[in-house]
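Notes follow once the structure below has been shown.
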Amino acid sequence: MPVYPRCGVRPVRGEGVYLYDEDGTRYLDFAAGIAVNALGHGHPALVKAIAEQAATLMHVSNLYGSPQQERFAQRLVDASFADTVFFTNSGAEAVECAIKTARRFHFAEGQPERHTLITFNNAFHGRTLGTISATNQPKMRDGFEPLLPGFRQAPFNDLAAALALVDDTTAGFLVEPIQGEGGVSVGTPEFLHGLRAACDERGLLLVLDEVQCGYGRTGTFFYHEQVGITPDIMAVAKGIGGGFPLGACLATSHAAKGMVAGTHGSTYGGNPLAMAAGEAVLDVMAEPGFLPHVEAMGARLRGALEQMIPNHDHLFEEVRGAGLMLGLKLKSDSRRFVAHLRDEHQLLTVAAGENVVRLVPPLVIDESHIAECVDKLSAAARVYVAASDD
Ligand SMILES: *Cc1c(COP(=O)(O)O)cnc(C)c1O
């Protein structure tokens, strides 16, 4: 179905931070499959793990015991707030599981009327009927009604407005601590701590969607660690498989109390092949220098962008985000500039809401890639202006 307005770049091969298309043209990849290829393209450890597991055992279904799944789940539990994990094949499925877990918690508590999740303007949680019901963006919802009841939206970063929506039907809050598609908008500490406090006071659940901002992307394993809060339930995906389709819903055992045998499932979710990919990514990320490297590269990229902005202040407005999830806000349409970067300067980025150019490179970039990226951005800004002045 022609649901994507695809561009002319047709990659056939990847190597580290670079993609090569059919004609052999090389692109600097600061899109990373939309914040997915955390280890870049063709990382030897990931490639080897997938190849070996494919030859050993690819899939058996969740009807059987799974040493591979138990091992990876235990590692995620050990490295996070969570006590329990459900594996999915995508971000939207991880959010679906999170929504079901939240509803089912209140059901198990004898309060099934508490089924409404408060979500936020500009949110993006995926494209299933459940996850589009959780956003209020018309471009995702129009024509797909009737949607799922049980969601109400407040403005992002407006704690008072969110709290004003809480009533006897509220199950909790579902929030991206940094909105990705919405424009790399960072949730303020006051806002996120306020939601956590409200949950603690009123027995509500804090459900974080860290599908994009989690898994090393911002220099800590999960972004909420930097904020100093913990969720009750969290959706993870994108970077977790390094390009292999994988997602996970993590929860405390308290929040997951309703998720008993038979309440949820997935044919593929957590199969041995996916677990091998997940473990290979985690092995690399767990190396002592990995997350500090992300933090250092994030600071460096941000610094370089901030230095560049005044030279092109007719076009660039500000830098937002954290770690290697950065947004360059433009004073004009970002989609057009993203196309210009791609077609004229062989730099791949992703457009986001609020005229933001998203920079979400592989987490393994080094200084040379940052220098190359900023050179390309500056060169693009110079001619872009010349072109639009004509
Ligand atoms: C990408 C994304 C999703 C959806 O993930 P899919 O794998 O496309 O289903 C959900 N939430 C956030 C915050 C995302 O960035």
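Small disclaimer: the values here were computed from a predicted structure and weren't measured.
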If you measure from [atom1] on [X] to [atom2] on [Y], what distance do you get to the nearest 0.5 Å?
| X | Y | atom1 | atom2 | answer |
| --- | --- | --- | --- | --- |
| T119 | F173 | OG1 | CZ | 11.0 Å |
| L206 | I233 | CG | CD1 | 9.0 Å |
| Y384 | R336 | OH | CZ | 3.5 Å |
| F156 | N121 | CZ | CG | 10.5 Å |
| I34 | R358 | CD1 | CZ | 6.0 Å |

Is there a side-chain contact between H59 and T267 in this structure, where contact means two heavy atoms from C-beta onward sitting under 4.5 Å apart?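 Yes, their side chains come closer than 4.5 Å.
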What are the two closest heavy atoms between A322 and L326, and how far apart are they?
->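 Looking at all heavy atoms of both residues, the closest pair is N-CD2, 3.8 Å.
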### Message
On a heavy-atom basis, which atom in E22 and which in V12 lie closest, and how many Å separate them?
### Response
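That would be CG-CG1, 3.8 Å.
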Side-chain donor-acceptor pair under 3.5 Å between [X] and [Y], yes or no?
| X | Y | value |
| --- | --- | --- |
| T25 | D23 | no |
| H106 | H115 | no |
| E317 | N355 | no |
| E93 | S90 | yes |
| Q226 | T218 | yes |
| Q69 | Y64 | no |
| R320 | Q179 | no |
| R71 | Q74 | no |
| N37 | D29 | no |

Give a yes or no on whether the ring-centroid distance for Y20 and Y27 is below 6.0 angstrom.
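Ring-ring flag for Y20/Y27: false, centres at least 6.0 Å apart.
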request  = For salt bridge (Lys or Arg N to Asp or Glu O under 4.0 Å), just list the numbers for E145 and R141, CA-CA rounded to whole Å, side-chain angles, deciding distance to a tenth of an Å, and then say yes or no.
outcome  = CA-CA 7 Å; E145 291 90 353; R141 297 170 54 109; 5.1 Å; no
Which label fits F105 and H254: parallel for a plane angle under 30°, tilted from 30 to 60°, or perpendicular past 60°?
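The arrangement is perpendicular - the two ring planes meet at more than 60°.
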Fill in: For K331, all residues meeting salt bridge (charged side-chain N to carboxylate O under 4.0 Å, His left out), sequence neighbours excluded
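Not a single residue meets the salt bridge (charged side-chain N to carboxylate O under 4.0 Å, His left out) criterion with K331.
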**Whether over 12 other heavy atoms sit under 6.0 Å from D142 CG** =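 Counting other residues, nucleotides and ligands, CG of D142 exceeds 12 neighbours.
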